[in-house]
**Q** 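Let me give you the structure first, and then I'll get to my questions.
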Amino acid sequence: MPFGILEDKHLEHVPGTGLLSDRGIVRGTTVAIDEASHMKRGTGRNEHIVLIPQPSDDPNDPLNWPQWKKEACFWTLTFAASLDGALSPLASAGYNLLTQQFSVSIDDITSSFGSILLGLGCFMLFQNMLAVKFGHRIVYLGSVSLMFISCIWCAASPTLTSIRVARVFQGFGMSALQSLVATTIEQIFFVHERGTRSLIWSYGILSGITLGPLIYSYVIERLSWRWGFWFVSIALGICTVLVFFFVPETTYKRASVTPTNDGSSLGKDDNSTKGDSESEEKVDSERQSAVSVYQKRSYLSSLKVWNGTFSNDNMFKIFLRPFPFLFSPVAWFIFLSHGMQTVWLSLVPLCSSTIFTLEYNFTASQIGLTNLGGLVGITLGIAITGPLLDSGAVWLSRRNRGIYEPEFRLIFMSAMLVSLFGYIGWAVGNHHKMPWIGAVACITMLNFSMVVSGTTAVVYLLDTHGANALQIFALSNFLKNMVLYGSTFFANGMVQNRGVTVSLFILAGCQGVCWLASIPMFIFGKRVRSYIARHPRFFAVDQS
């Protein structure tokens, strides 16, 4: 029972548990783990880390890509994700001004611009289906192109009805950047690299959420609300070109090979222990013959938009594949700890125009400047957690005789308490008429919590469910966006009617419930992973 994680009573090797370090610490002494000698390991300062998953010998395997190719793909998607994050709350700082221009209530404005969440949630499951069937590249290209076109449409819209429809199509385009990137990280990076990468991706989305309304607030005051969308469409046009040239197909069929705690490699076609020299010589011989068969794809061939299909299942079967995960505790943990926490945080910029107008009589640009608190929070989150999320997992593994348990990551879920205190502090401070800087400090706490605990939840999902992660993430994001879209019809009205203090206390209570979900997940997580593994027919993955 390492660090309070309950051992499983059914499986000897639970998926997700594996040998991560070739060194362990026993009674305070560092010892070498002989079973890791034949496994592929990292290089340089990571030479003691056993690679999970074990890469194939194919140079076309995304895990074997040169570092520049991985970086180009990752940072292009991060840039796209930042624009994705900016689109949703883009006009929120100017909602009060827009109510005067269109002569409607603030909830009508919020729901019209918030229809982007309807498109985002509904298409989440469909883009999951398309990615499984046709690969990630074509979905990414379609997504950024649709975001680009619909942004121009929104800028040119003469009525709220046209804006509402344009924002739905924007949501269609946004879905891939909010879910598929997580699985792309799983496809091209190893376990000991995923924490930092997921953190940077989350930072991209959250920085877009905070900087978008900030910049837009000045645009709407000095130019018009339309010009904000024109500026974003220029950036999206550049992003579309970058995705075409630097995001090749990352879907790759490989046997599932994972180093276990006894040093063996378990896979679909390999269940034997390869510890003796005869077996190692046979493996080396097979690898050498396999390498001669592989042919590295040229850069020009990687630019193909169409790469065929990656699953023999029909589209309807793939579409239904995520729904059995509604019976998985992991899916509900991700929904509560990541999805619903995002809802509470997203309500703050959605209602910021109302909150800061009621309490401080701020202008649009002043309301936009409050987002700087969020930017400080997510920057602190990535600066503090970035070096710890991956190295902490390795550190704990070494103290567990080199064995890695995905639940080690969940220690960072305690960051959710920071946002709990942020909501409570904001509510209490607002009741006592604290200055605006206090409210901005609380927004800093909320965003710090989100970038740390939200990234932790995503990395835990990738570590525990690999190929299944896309299914669970799609479900969580679908439910999250449906809840958030429904909130746009009454959130600002609730703040106006119940008051800022009561509304913030409600959010604090919701955040507390979400944090409590991480405690049983840490304790029983290994048994949950075993339960999923023992029911492969029900929790189906792509087995074609």
Side-chain angles (χ1 to χ4, degrees), residues 77-95 98 102 108-128 130-131 138-181 204-213 215-216 219-220 224-243 342-343 346 349-350 474 477-478 480-489:
L77 292 177
T78 300
F79 173 57
S82 67
L83 296 176
D84 179 292
L87 277 177
S88 181
L90 188 63
S92 59
Y95 281 171
L98 289 169
F102 288 97
D108 287 334
I109 293 292
T110 306
S111 62
S112 295
F113 281 87
S115 62
I116 194 172
L117 300 168
L118 178 63
L120 177 59
C122 289
F123 200 67
M124 192 66 68
L125 298 176
F126 289 99
Q127 59 86 22
N128 168 57
L130 295 173
I138 192 170
V139 177
Y140 283 136
L141 282 170
S143 292
V144 293
S145 299
L146 191 55
M147 288 166 64
F148 171 61
I149 295 169
S150 59
C151 205
I152 295 175
W153 177 2
C154 197
S157 293
T159 63
L160 272 182
T161 301
S162 180
I163 291 172
R164 189 184 294 268
V165 177
R167 294 283 277 178
V168 169
F169 279 93
Q170 276 184 10
F172 289 168
M174 287 173 58
S175 59
L177 281 309
Q178 292 198 12
S179 61
L180 283 188
V181 178
I205 294 177
L206 290 172
S207 62
I209 291 174
T210 55
L211 286 177
I215 298 172
Y216 185 89
V219 173
I220 194 173
S224 72
W225 69 268
R226 300 182 189 277
W227 270 105
F229 287 96
W230 285 120
F231 288 143
V232 176
S233 66
I234 295 171
L236 284 170
I238 297 171
C239 182
T240 303
V241 175
L242 292 175
V243 169
T342 305
V343 171
S346 298
L350 283 175
N477 278 305
F478 167 74
K480 173 199 75 177
N481 286 297
M482 291 300 97
V483 173
L484 189 55
Y485 177 62
S487 301
T488 62
F489 288 92

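As the structure is a computational prediction, the values presented were derived from the model and not from experiment.
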**Q** Nearest 0.5 Å, please: how far is CG in Leu87 from CZ in Phe229?
**A**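 If we round to the nearest 0.5 Å, Phe229:CZ and Leu87:CG are 7.0 Å apart.
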**Q** Kindly give the heavy-atom pair with the smallest separation between Ile209 and Gly85, and that separation in Å.
**A**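 Taking every non-hydrogen atom into account, CG1-O, 3.3 Å.
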**Q** Minimum heavy-atom separation for Leu83 to Met147, with atom names?
**A**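 Looking at all heavy atoms of both residues, the shortest contact is C-CE, 4.4 Å.
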**Q** Any heavy-atom pair between the side chains of Leu177 and Val144 that's under 4.5 Å?
**A**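 Of all side-chain heavy-atom pairs linking Leu177 with Val144, at least one is under 4.5 Å.
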**Q** With no hydrogens and no angle check, is any side-chain donor or acceptor of Ser82 less than 3.5 Å from a backbone partner on Phe79?
**A**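 Yes.
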**Q** Please report the interatomic distance CG(Leu160) to OG(Ser112), rounded to the nearest 0.5 Å.
**A**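 So the gap between those two atoms works out to 4.5 Å.
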**Q** Mind checking the CG-CG spacing from Asp84 to Leu236? Nearest 0.5 Å is all I need.
**A**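 Nearest 0.5 Å value for the CG-CG distance: 9.0 Å.
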**Q** Supply the atom-to-atom distance Leu118 CG to Arg167 CZ, rounded to the nearest 0.5 angstrom.
**A**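 The CG atom of Leu118 sits 12.0 Å away from the CZ atom of Arg167.
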**Q** Is a donor on one side and an acceptor on the other found under 3.5 Å between the side chain of Ser162 and the backbone of Pro158?
**A**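 Checked: no pair found.
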**Q** Quick one: pull up CG in Asn128 and CG in Asn477 and give me the separation to the nearest 0.5 Å.
**A**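 Those atoms lie 10.5 Å apart.
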**Q** Tell me the closest heavy-atom pair linking Ala155 and Trp230, and the distance in Å.
**A**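 For Ala155 and Trp230, the tightest heavy-atom pair comes out as CB-CE2, 3.5 Å.
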**Q** Look at atom CZ of Phe169 and say whether more than 12 heavy atoms of other residues, nucleotides or ligands are closer to it than 6.0 Å.
**A**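 Open: at most 12 neighbouring heavy atoms sit under 6.0 Å from CZ of Phe169.
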**Q** Please report the shortest heavy-atom distance between Ser145 and Thr240, naming the atom on each side.
**A**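 Scanning both residues, the minimum pair turns out to be OG-CG2, 3.7 Å.
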**Q** Shortest non-hydrogen contact from Val219 to Gly228?
**A**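 Looks like CG1-N, 3.5 Å.
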**Q** For the side chain of Tyr485 and the backbone of Leu120, is there at least one donor-acceptor N/O pair under 3.5 Å apart?
**A**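 It does not hold such a pair.
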**Q** For the atom pair SG (Cys239) and CD1 (Ile234), what is the distance rounded to the nearest 0.5 Å?
**A**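 Cys239 SG to Ile234 CD1: 14.0 Å, rounded to 0.5 Å.
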**Q** So, using side-chain hydrogen bond (donor to acceptor under 3.5 Å, both in side chains) as the criterion, who are the partners of Ser150 when residues are at least two apart?
**A**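 So Ser150 forms no side-chain hydrogen bond (donor to acceptor under 3.5 Å, both in side chains) with any residue.
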**Q** Report the C-alpha separation of Gln127 and Ser143 in whole Å, then their side-chain angles, then the decisive distance to 0.1 Å, and conclude whether the side-chain hydrogen bond (donor to acceptor under 3.5 Å, both in side chains) test is met.
**A** CA-CA 9 Å; Gln127 59 86 22; Ser143 292; over 6 Å; no
**Q** Can you name the side-chain contact (heavy atoms from CB on, under 4.5 Å) partners of Ala166, sequence neighbours left out?
**A**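 Applying side-chain contact (heavy atoms from CB on, under 4.5 Å) to Ala166 gives Trp153, Cys154, Ser157.
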**Q** Specify the closest pair of heavy atoms between Ser233 and Ile152, including all atoms of both residues, with the distance to one decimal.
**A**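 Scanning both residues completely, I find the closest heavy atoms to be CB-CG1, 3.8 Å.
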**Q** Mind checking what makes side-chain contact (heavy atoms from CB on, under 4.5 Å) contact with Leu130, not counting sequence neighbours?
**A**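 In terms of side-chain contact (heavy atoms from CB on, under 4.5 Å), with neighbours along the sequence ignored, Leu130 is linked to Phe123, Phe134, Val139, Met315.
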